[in-house]
**Q** 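Sending over a structure as structure tokens; questions will come in a sec.
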Amino acid sequence: MTANAAVQIVFFVVVLLVLVQPLGAYMARVYEGRRVALERVLGWLERLTYRLGGIRPDEEMGWKTYAVAMLMFNVLGLLAVYTLQRLQGALPLNPQAMGAVSPHSAFNTAVSFATNTNWQGYGGESTMSYLTQTLGLTVQNFVSAASGMATLVALIRGFARRSVETIGNFWVDLTRGTLYILLPLSGILALALASQGVVQTFGAYPTARVVQPTRYDEPVTDRDGEPVLDAKGQPATTKSTLTEQVIAVGPAASQIAIKQLGTNGGGFFNVNSSHPFENPTPLANLLEVLSILLIAAALCHTFGVMVGDVRQGWTVLAAMTVIFVALLGLCYGAEQQGAVFVRQGVDHTASARQSGGNMEGKEVRFGITDSAIWAAATTAAANGSVNSMHDSYTPLGGLVPMWLMQLGEVVYGGVGSGLYGMLIFAIVAVFVAGLMVGRTPEYLGKKIEVYEMKMSAMVILITPALVLLGTAVAVVTPAGKAGIANPGIHGFSEILYAFSSASNNNGSAFAGLSANTPFYDTALGLCMLFGRYWLAVPVLAIAGSLARKKIVPAGPGTLPTHTPLFVALLVGVVMLVGALTFVPALALGPIVEHLTLIAGK
Amino acid sequence: LARGPLHSGLDGRTGRGVPRGESREDDVAIEGRRSKMADIVFLGVTVAFFALSWSFVEWCERL
């Protein structure tokens, strides 16, 4: 590892961990209903929201009511975004006169943004009107994130409360999370990004005269848009000269801020944060990649505060950080020092003359280190935005982001969803420990019994089933195979990555797969739906079950869950479950591709 | 990450959106019917999923 890389990685992790405590404590205040300073500014909006929605904030919900409220809210959001896309051609804030989005793409996008996945089968700057981007997608960026955080908070209350039937009020958690956490943080970040040069405008796309006019062959098409063939049966072309370029702009800074903080990931521009208007400076890059993990990491401290033992939160955070740093190191190493290069006789060493390593698909501005940090962060969290193209990574470098998603998006993970996923693994860990050494399966004073284990098993099994079955269907059907740009091993990796991303609500793409087709839009859309809501429901069921239980005082048979031993146990359970589930599939994709390259084939 | 073609829906030279099916009236009519059918299918899928999820909630409680 170069000194530059070591300094950047250590700096990034340290800054992240320093921010965890203050933000985590603040979020605990918000969700515990304690007074926060921002209520002076936004309290009226909170009260107005309750009044307009007919919400009684002091009315608590059982887990079923909480789950149904969450589902209903999300289906309404989904339908609103679908309708907005289909009607955008007739709606205002559309200076580029974008037409209606096709039904299958609109379905995929609406599901994608409602589920906090933000997989995009379209190019933002060439498909969506400003109204769709702001009123549809940006609003969903806020509320889908707040919805995930609300589900987590309900689970935390399940641990913290004793002998009660209720786990909070979904509408209150949603409103307070949006108003007092996501809105102010994204406002600050949007201003910071705009100060760095990220564009923010509702104006039409400007046209610039290019410095050097370029001659090119333009395909000739008939009135139906079909290619015209010449006498030899080849597509006919005509000589054209490019003198002007349309420059896509828009209200990017505001959307980027919340898409990073809310681990949404839907980029304003097609290439996301490789675009200089979305990520113009090193400081902008640092702020964006930090904000990907910020809330998800800080929620660990929120968890500790709310259950009355901050050590529990730091333990979970430590487990997440251990996995993150290890896999980030693997990704960086594969890109900088990959054995693939040695075998192929390429001089890949970093020196004063070259950055070395694999620079394909990476921005020269960011280099390998910042690209690897982003790739690991965006897939560790359920973010999905990119600043380099993961499809161009070495096989092992590309395996890391894929595996981070396949672990269930629990290494920081999505805001809320990452920690509730990790807490499910913690429940499994104490259960496994109980089986191994005869300890009582308890977590935070709550007995882990059959019902919790059934629900936990469901949470852990649903996503791998979606990924593996979805990939299997895609590789054997003509519609699935039609989207592959690189047939063979790499094509398999592209499909596996797509289903891993959608089912785990990440949203990043390996690229190379033409996913904006009726087959992929529908199949991936269904994976996102099941992967989001059919995990949240069992989590809320566990919350309801735990809330009803009494707190059992810790005894000699209780496994301490705030020790380095538990960190190791938790890491082991996460890695083993991820490894056992996906190693066969990974062996068919990136691992065999790596071995093939090593063999020089 | 967006994965769509950069030029979908845009005229490459003017940068303006291309109105769909403006070349032939029958194309427009066929496309319109197909779109309506697709809208019904996708809205139906959405509603069916959430109805199924409702049953899933009940099932989780009974389990």
Side-chain angles (χ1 to χ4, degrees), chain A residues 64 67-68 71-72 75 78-79 82 86 89 94 96-100 102-107 111 119-127 205 207 223-225 246 265-267 269-272 384-386 451 454-455 458 507-509 511 513-516 522 526 529-530 533-534 537-538 541, chain B:
Chain A
K64 267 180 70 180
V68 170
L71 287 169
M72 288 304 297
V75 71
L78 195 164
L79 293 174
Y82 183 89
R86 296 290 292 135
N94 188 9
Q96 297 307 121
M98 304 287 187
S102 66
H104 59 85
S105 181
F107 169 75
V111 170
W119 167 276
Q120 293 171 289
Y122 60 88
E125 66 270 54
S126 58
T127 312
Y205 294 178
T207 302
R223 60 197 291 267
D224 296 331
V246 177
F269 297 108
N270 199 18
V271 292
N272 292 190
S385 67
V386 296
Y451 185 76
K454 281 182 183 171
M455 292 295 117
M458 211 175 323
S508 71
L513 184 71
S514 298
N516 198 10
T522 310
L526 289 173
L529 282 173
F530 282 103
Y533 302 115
W534 283 40
V537 168
Chain B
L1 169 65
R3 291 282 21 110
L6 269 172
H7 307 292
S8 62
L10 271 190
D11 182 301
R13 277 177 294 186
T14 64
R16 309 287 295 185
V18 182
R20 288 163 185 270
E22 67 179 356
S23 58
R24 291 210 311 238
E25 285 179 9
D26 54 340
D27 278 357
V28 174
I30 291 167
E31 181 61 29
R33 277 199 298 276
R34 280 185 184 157
S35 289
K36 272 185 193 159
M37 282 299 295
D39 282 336
I40 291 168
V41 167
F42 285 119
L43 293 176
V45 166
T46 305
V47 173
F49 172 79
F50 280 94
L52 195 61
S53 298
W54 198 302
S55 306
F56 183 59
V57 171
E58 297 288 344
W59 184 69
C60 282
E61 192 186 35
R62 284 200 307 272
L63 203 68

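FYI, side chains are in, hydrogens and waters are out, and symmetry mates aren't considered; it's all heavy atoms of this structure. Quick note on labels: first sequence line is chain A, next is B, and so on, each numbered from 1.
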**Q** Checking heavy atoms, do the side chain of B/F42, its backbone, both or neither come under 4.5 Å from chain A?
**A** both
**Q** Under 4.5 Å from any heavy atom of chain A, what part of B/V45 do you find: side chain, backbone, both or neither?
**A**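 For B/V45, the side chain is the part near chain A, not the backbone.
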**Q** Which atom names give the shortest non-hydrogen contact between B/C60 and A/M455, and what distance separates them?
**A** O-CE, 3.8 Å
**Q** Relative to chain B, which segment of A/L78 carries a heavy atom at a distance below 4.5 Å: side chain, backbone, both, or neither?
**A**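 When you check distances to chain B, only side chain atoms of A/L78 fall under 4.5 Å.
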**Q** Would you compute the distance between atom CH2 of A/W534 and atom CG of B/L52 and round it to the nearest 0.5 angstrom?
**A**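 It comes to 4.0 Å.
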**Q** Just wondering, do B/R34 and A/P103 contact through their side chains at under 4.5 Å, heavy atoms?
**A** no
**Q** Test A/L71 against every option in B/F50, B/F56, B/W54 by the side chain to side chain contact (heavy atoms under 4.5 Å, CB included) rule and name the one that passes.
**A**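 Of all the options given, the one that passes is B/F50.
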**Q** So which part of A/V75 gets closer than 4.5 Å to some heavy atom of chain B, the side chain, the backbone, both or neither?
**A**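 When you check distances to chain B, atoms from both the backbone and side chain of A/V75 fall under 4.5 Å.
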